[in-house]
Number of protein chains: 2
Amino acid sequence: MPQVTEQRDEPLNADEERLVRTLGRVMIVLPKLLDHDLRERVAISLTEYSILMHLSEAPERRMRMNELAGASDLSLSGMTRAVARLESEGLVKRDRCEEDGRGWFATLTPAGLRRLEDAYPTHLWSTRRRIIDHFAGSDLAGLTEALDRIGCGGETDPLVAR
Amino acid sequence: MPQVTEQRDEPLNADEERLVRTLGRVMIVLPKLLDHDLRERVAISLTEYSILMHLSEAPERRMRMNELAGASDLSLSGMTRAVARLESEGLVKRDRCEEDGRGWFATLTPAGLRRLEDAYPTHLWSTRRRIIDHFAGSDLAGLTEALDRIGCGGETDPLVAR
DNA sequence: CCATGATACTTGCTCAAGCAAGGAACTGTT
DNA sequence: AACAGTTCCTTGCTTGAGCAAGTATCATGG
């Protein structure tokens, strides 16, 4: 460990600075790239794709609105509109929750599943091209572990976390 | 190299899948975290901070609109509005470009520089806490190199790149 | 059983960002 | 020198997302 007494309020060192700038760029550019690929080829946004994907993996292909918002890192109000859009296209339907009258399920429709299956190859191609290919030969697991800590595990309100 | 004949259109393997999901989460959450930290403590957005920072590093503390848009990964129209906001706060001023009558410089004002210096400690704290701390013991340079390839170097229109 | 508070969502408002179209200035060709 | 094409930037329009406030349902205490 070269640096022994690292002051918290001193500037970043060169390696740290480069990492922050690069990651800063990636976090701005990458979502646009993935979103663009999907929109261009299968006319669906990354947000919508993500919602359909999460639903397809959930038991009975349905999730409560707040679960879904958490899974897709969207505010609850954002999720309301997003699901409304998907519903208007018939890709999702909404059912009252039996056990809790306040709650709603968003349920993937057969049409929604078809749409997801339709978009999947594009997104697979896109993620390979935009992400995986650039990490050839890297330690994916180690990298993922580090990145995962940034993501905050994704429990409680992430903005207030810690 | 374990996998010899990797089919491009087969699903991602488990490590790849985890990386994509984690990076996907980071690219959504991290900008919100950094933006939130800045807004809360020094009432400035990440976009605005980034603009002021780039200007402060440029020769004569000024940049053409399209340079600035490229550096901050913002559309040119987005940059027009962003600079207009900053100008209305007196943090930036705009001058016609002498050599090219179509062009404009955005120039950092002394007030803009003070604002940046004011925000810097917060952003430093934020990036340490949100990013650097999570990579303790990692190979920062190697990681940066991989991430840099995702960012596409940042030359030509990134959405059409390749 | 009623009141108070918490939870699950929705709706109104605002705002930042992108696209497409427009205007002004530059460049190149004939 | 004039026109066509390109570049640089701005403006009109639309959209997706968040916050704050509202509504309906649940849970709890008296």
Side-chain angles (χ1 to χ4, degrees), chain A residues 27-29 31-40 43-51 62-89 92 94-107 156-160, chain B residues 27-29 31-40 43-51 62-89 92 94-107 156-160:
Chain A
M27 81 190 185
I28 299 298
V29 169
K32 295 182 190 176
L33 292 172
L34 298 178
D35 186 67
H36 181 267
D37 286 345
L38 279 171
R39 291 189 119 99
E40 188 175 55
I44 194 175
S45 74
L46 182 59
T47 306
E48 290 165 343
Y49 183 89
S50 168
I51 292 169
R62 62 181 203 175
M63 289 171 84
R64 294 283 293 269
M65 295 300 287
N66 52 1
E67 279 183 282
L68 199 47
S72 302
D73 298 304
L74 210 60
S75 69
L76 197 49
S77 68
M79 189 51 74
T80 295
R81 330 264 186 181
V83 166
R85 288 193 298 271
L86 292 169
E87 191 182 21
S88 77
E89 298 180 74
V92 154
R94 306 178 28 138
D95 319 286
R96 271 206 108 83
C97 175
E98 302 298 331
E99 308 87 57
D100 187 338
R102 296 163 299 179
W104 288 85
F105 285 106
T107 309
T156 60
D157 187 334
L159 296 181
V160 187
Chain B
M27 81 191 185
I28 299 298
V29 169
K32 295 182 193 177
L33 291 172
L34 298 179
D35 187 66
H36 181 269
D37 287 344
L38 279 171
R39 292 188 117 98
E40 189 175 54
I44 194 176
S45 74
L46 182 59
T47 306
E48 289 164 344
Y49 183 90
S50 168
I51 293 170
R62 61 180 206 179
M63 289 172 84
R64 295 283 293 266
M65 294 300 287
N66 53 1
E67 279 183 283
L68 199 48
S72 302
D73 299 305
L74 209 61
S75 69
L76 198 50
S77 66
M79 189 52 73
T80 295
R81 329 266 186 179
V83 166
R85 288 194 298 273
L86 291 169
E87 190 183 21
S88 77
E89 298 179 75
V92 155
R94 305 176 30 134
D95 317 285
R96 270 206 109 82
C97 176
E98 302 299 330
E99 308 86 58
D100 187 339
R102 298 164 298 179
W104 289 85
F105 284 106
T107 308
T156 60
D157 187 332
L159 296 180
V160 188

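Convention: sequence-line order gives letters A, B, ...; per-chain numbering from 1.
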Original post:
When rounded to the nearest 0.5 angstrom, what distance separates CD1 in I28(A) from OG1 in T47(B)?
Top reply: 6.5 Å
Original post:
Rounded to whole angstrom units, what separation is found between the CD atom of E40(A) and the P atom of dC19(C)?
Top reply: 11 Å
Original post:
Please give, in whole Å, the distance from dG16(D) C1' to I28(B) CD1?
Top reply: 12 Å
Original post:
Which residues satisfy the side-chain hydrogen bond (donor to acceptor under 3.5 Å, both in side chains) test with D95(A), sequence neighbours excluded?
Top reply: K93(A), T107(A)
Original post:
How close or far is atom P of dT15(D) from atom CG of D35(A), stated in whole angstroms?
Top reply: 15 Å
Original post:
dT25(D), dC9(C), dA25(C): which one has an atom nearest the side-chain heavy atoms of R96(A)?
Top reply: dT25(D)
Taking only nitrogen or oxygen atoms into account, show me every contact under 3.5 Å that the protein makes with nucleotides 15-18 of chain C, one pair per line with its distance.
{"residue": "dA17(C)", "atom": "OP1", "partner": "T47(B)", "partner atom": "OG1", "Å": "2.8"}
{"residue": "dA17(C)", "atom": "OP2", "partner": "R85(B)", "partner atom": "NH2", "Å": "3.1"}
{"residue": "dG18(C)", "atom": "OP1", "partner": "K32(A)", "partner atom": "NZ", "Å": "3.0"}
{"residue": "dG18(C)", "atom": "OP2", "partner": "S75(B)", "partner atom": "N", "Å": "2.9"}
{"residue": "dG18(C)", "atom": "OP2", "partner": "S75(B)", "partner atom": "OG", "Å": "2.6"}
{"residue": "dG18(C)", "atom": "O6", "partner": "R81(B)", "partner atom": "NH2", "Å": "3.0"}

Original post:
To the nearest 0.5 Å, what is the distance between OG (S50(B)) and CG (D35(B))?
Top reply: 11.5 Å
**OP:** State, yes or no, whether a side-chain contact exists between E89(B) and I44(B) at a heavy-atom distance under 4.5 Å.
**Re:** no
Original post:
If every non-hydrogen atom of V83(B) is compared with every non-hydrogen atom of M65(B), which pair is closest and at what distance?
Top reply: CG2-CE, 3.8 Å
Subject >> Atom pair distance, as rounded to whole Å: CG in D100(A) and P in dC9(C) >> reply: 7 Å
Original post:
Between dC26(D), dA25(C), dC9(C), which nucleotide gets closest to the side-chain atoms of R64(A)?
Top reply: dC9(C)
Original post:
Nearest-Å distance, CD (E98(A)) to C1' (dA8(C))?
Top reply: 16 Å
**OP:** Would you indicate whether the side-chain heavy atoms of E48(B) and L38(B) approach each other to under 4.5 Å?
**Re:** no
Subject >> Residue met sooner reading DNA chain D from 5', once F105(B) and E99(A) are mapped to nucleotides >> reply: F105(B)
**OP:** Let me know the distance between CD1 of I44(A) and C1' of dG16(D), rounded to the nearest Å.
**Re:** 15 Å
Original post:
Whole Å only: how far is the CG atom of N66(B) from the C1' atom of dT6(D)?
Top reply: 14 Å
Subject >> Nearest atoms (heavy-atom pairs only) where R96(B) meets F105(B) >> reply: O-CD1, 4.3 Å
**OP:** Mind calculating the distance between CZ (R102(A)) and P (dA6(C)) to the nearest angstrom?
**Re:** 13 Å
